[in-house]
Amino acid sequence: MNRLFTKSLCTSSAAGANLKPPPPDPAAVSKLILSSPTTTTLQSPLSPNTPWTPHLVNSILKRLWNHGPKALHFFHLLDRRHRNYIHSPSSFNLAIDIAARLHLHTTVWSLIRRMRSLRIGPSPKTFAIVAERFASSGKPDKAVNLFLNMHEHGCSQDLASFNTILDVLCKSKRVEKAYELFKDLRGRFSADVVTYNVIVNGWCLIKRTPKALEVLKEMVERGISPNLTTYNTMLKGFFRSGQVRQGWEFFLEMKKRNCGIDVVTYTTVVHGLGVSGEVKRAKKVFDEMIREGVLPSVATHNALIQVLCKKDTVENAVLVFEEMLRKGYEPNVTTYNVLIRGLFHAGEFTRGEEMMRRMEEEGGCEASFQTYNMMIRYYSECGEVEKALGLFERMGSEGCLPNLDTYNILISGMFVRKRSEDMVVAGNQGFSKEILRSQSKSGSRLTKKFRL
DNA sequence: TTAGGGTTAG
């Protein structure tokens, strides 16, 4: 940690004797924190002059997202020992999120108390974060209680926070629970169009479109007019639950009734038709929107590119990508990830690698852990362990830290090959218990399979 | 972070 503040870790070397030290480089600091053998050896000689900013701290916390204990240790060191720096509410929220993911409830509450003592929170967002973690770890009742008691922690309950807790429950598929709470409290909080949209979306997320339609009917009866978001939500619900014909008819009805259909409507239809295999119709809708004067977004292109990769040919997907560039669109990480995946899926590994290079050099996009994990998975599955390990090494050096999924993918690739020397490599790459115990966002099946 | 569209494969 001493080295945290030496020149080599800083973004600029212009630190003269009388100048303030330059800001630390988030990638270098993150790697240093990560490479400390244990959290206890990470001591805190934090220079009082280091110009920390919320942006920098947040950037480091995000980089260490899959290495929660280390991220929290860094946060605490800065909070307790650095007199010139006070954490921002957004950094607190990130730290609380990390602690909640690790089920460190004592830490969560001490951070909330600390926010309150500094008079910078907690905000409704803070409670939304904690509630989300409760709901997604099988404790929806705790999430509800948190909302019901939030006023005791200095945060008022209002319609916005009511809508938020309902949305949190719905997004973690606890729709029945959300619906109960909604029916109990909709009078007290004067449920509005947002409240109803959240519930409609909830039923759609678990593919119960008849219930969603029921809520839609009910909101009309109660004098709350559905808006375009309501209709787009319902439309997506039909396609998601495989009701392609109903989705199409709903779309025609939306056009007929002049709901002011927008780019989201069209993107939903392009994607919905495409994934059900109706590629030609999807392309027709894409062309139609342009004729109708609704400009496709990057997301619309991504939808089309994805369905072409999956249900047509990757060559046609590449054509859409090139066309997109000609029109002046700036592809994003999703665009590249979808295309690279399509190329790898078609066995075009070299072209996939080339697309990754373009992503970074021409597209100005940093490869994400999704990019790496996907490529490592394809290489592992076909026995190209060396290629997979090469990418794994690049990951660390480019500031995109491997997560638990990465390790699982690599290990399973090695098990497939069953070579003893791979196991030695695995040891050398630091597949330690500590890393493997760290939290994984997606909770991969392989975690259980290879639990150490 | 009060609501809607675009990332794995199995």
Side-chain angles (χ1 to χ4, degrees), chain A residues 89-90 93 97 122-132 155 157-168 170-171 189-202 204-205 212 219 224 226-237 239-240 251 254 259 261-272 274-275 282 285-286 289 294 296-307 309-310 320 324 329 331-342 344-345 365 367-378 380-381 405-406 408-409 412 442 444-446:
Chain A
S90 60
N93 285 340
D97 201 358
S123 65
K125 181 176 170 175
T126 314
F127 285 98
I129 288 167
V130 181
E132 189 182 327
C155 195
Q157 285 167 318
D158 54 13
L159 177 60
S161 55
F162 178 54
N163 290 341
T164 301
I165 184 69
L166 293 176
D167 197 38
V168 161
C170 285
K171 298 260 165 70
F189 290 106
S190 309
D192 64 357
V193 62
V194 176
T195 322
Y196 279 92
N197 286 351
V198 164
I199 299 295
V200 168
N201 188 43
C204 285
L205 284 174
M219 71 190 279
I224 293 167
N227 57 19
L228 186 56
T229 299
T230 324
Y231 296 125
N232 282 342
T233 304
M234 202 62 236
L235 182 68
K236 175 72 191 173
F239 285 115
R240 184 187 284 113
F251 172 59
M254 283 172 77
C259 301
I261 55 171
D262 65 0
V263 60
V264 176
T265 319
Y266 279 109
T267 304
T268 305
V269 176
V270 168
H271 188 251
V275 295
V285 173
F286 184 86
M289 73 186 283
V294 179
S297 63
V298 172
T300 320
H301 286 88
N302 293 351
L304 184 61
I305 289 170
Q306 195 209 61
V307 302
C309 285
K310 277 190 168 173
V320 172
M324 176 181 181
Y329 285 94
N332 58 22
V333 182
T334 306
T335 321
Y336 286 104
N337 282 349
V338 165
L339 254 186
I340 294 170
R341 180 171 290 120
F344 269 74
H345 191 77
C365 296
S368 62
F369 72 87
Q370 284 102 326
T371 322
Y372 281 108
N373 283 1
M374 170 246 310
M375 293 169 79
I376 290 173
R377 174 172 276 125
Y378 276 108
S380 288
E381 280 175 0
D405 287 333
T406 319
N408 280 326
I409 294 160
S412 64
S442 63
S444 161
R445 282 173 294 115
L446 293 166

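Residue numbers start from 1 in every chain, and the chains themselves are labelled A, B, ... in the order their sequence lines are given, proteins ahead of strands.
- Residue contacts shown for A/Val263 include a base, since a base heavy atom lies under 4.0 Å away.
- In this structure A/Phe239 satisfies the ring-ring contact (aromatic ring centres under 6.0 Å, His included) test with no other residue, sequence neighbours excluded.
- For the pair A/Met289 CE and B/dG6 P, the computed distance is 14 Å after rounding to whole Å.
- For A/Ala303, the side-chain atoms get nearest to B/dG6 when compared with the rest of B/dG6, B/dT1, B/dA3.
- Here A/Asp262 lies in heavy-atom contact (under 4.0 Å) with a base.
- Atom CG of A/Asn197 is separated from atom P of B/dA3 by 10 Å (rounded to the nearest Å).
- The base of B/dG6 lies outside donor-acceptor range of the side chain of A/Ser297, with no N or O pair under 3.5 Å.
- If you check every strand for non-hydrogen atoms under 4.0 Å, A/Ser368 touches nothing.
- For B/dG5, the base has a donor-acceptor partner in the side chain of A/Thr267 [N/O atoms by modelled type, under 3.5 angstrom].
- The residue A/Asp167 sits close only to the backbone: its heavy atoms come under 4.0 Å of sugar-phosphate atoms, none of a base.
- Using a 4.0 Å heavy-atom distance criterion, A/Thr334 is classed as a base contact.
- A close approach under 4.0 Å does not occur between any side-chain nitrogen or oxygen of A/Tyr196 and OP1 or OP2 of B/dT2.
- A sub-4.0 Å separation between OP1 or OP2 of B/dT1 and a side-chain N or O of A/Lys171 is absent.
- The side chain of A/His345 places an N or O atom within less than 4.0 Å of a non-bridging phosphate oxygen (OP1 or OP2) of B/dA9.
- Following rounding to the nearest Å, A/Met374 (CE) and B/dT8 (C1') show an atom-to-atom distance of 8 Å.
- For A/Lys310, a side-chain nitrogen or oxygen approaches OP1 or OP2 of B/dT8 to under 4.0 Å.
- A side chain to side chain contact (heavy atoms under 4.5 Å, CB included) with A/Val198 is found for exactly one of A/Val193, A/Ile165, A/Thr164, A/Asp167, namely A/Asp167.
- Using P as the reference atom, B/dG5 and B/dT1 are 14 Å apart when rounded to the nearest Å.
- A/Asn201 is linked by a side-chain hydrogen bond (donor to acceptor under 3.5 Å, both in side chains) to nothing, counting only residues two or more places apart in sequence or in another chain.
- A/Asp405 has its CG atom 15 Å from the P atom of B/dG10, to the nearest Å.
- In terms of polar N and O atoms assigned as donor or acceptor, the side chain of A/Arg377 comes within less than 3.5 Å of the base of B/dT8 in a complementary pairing.
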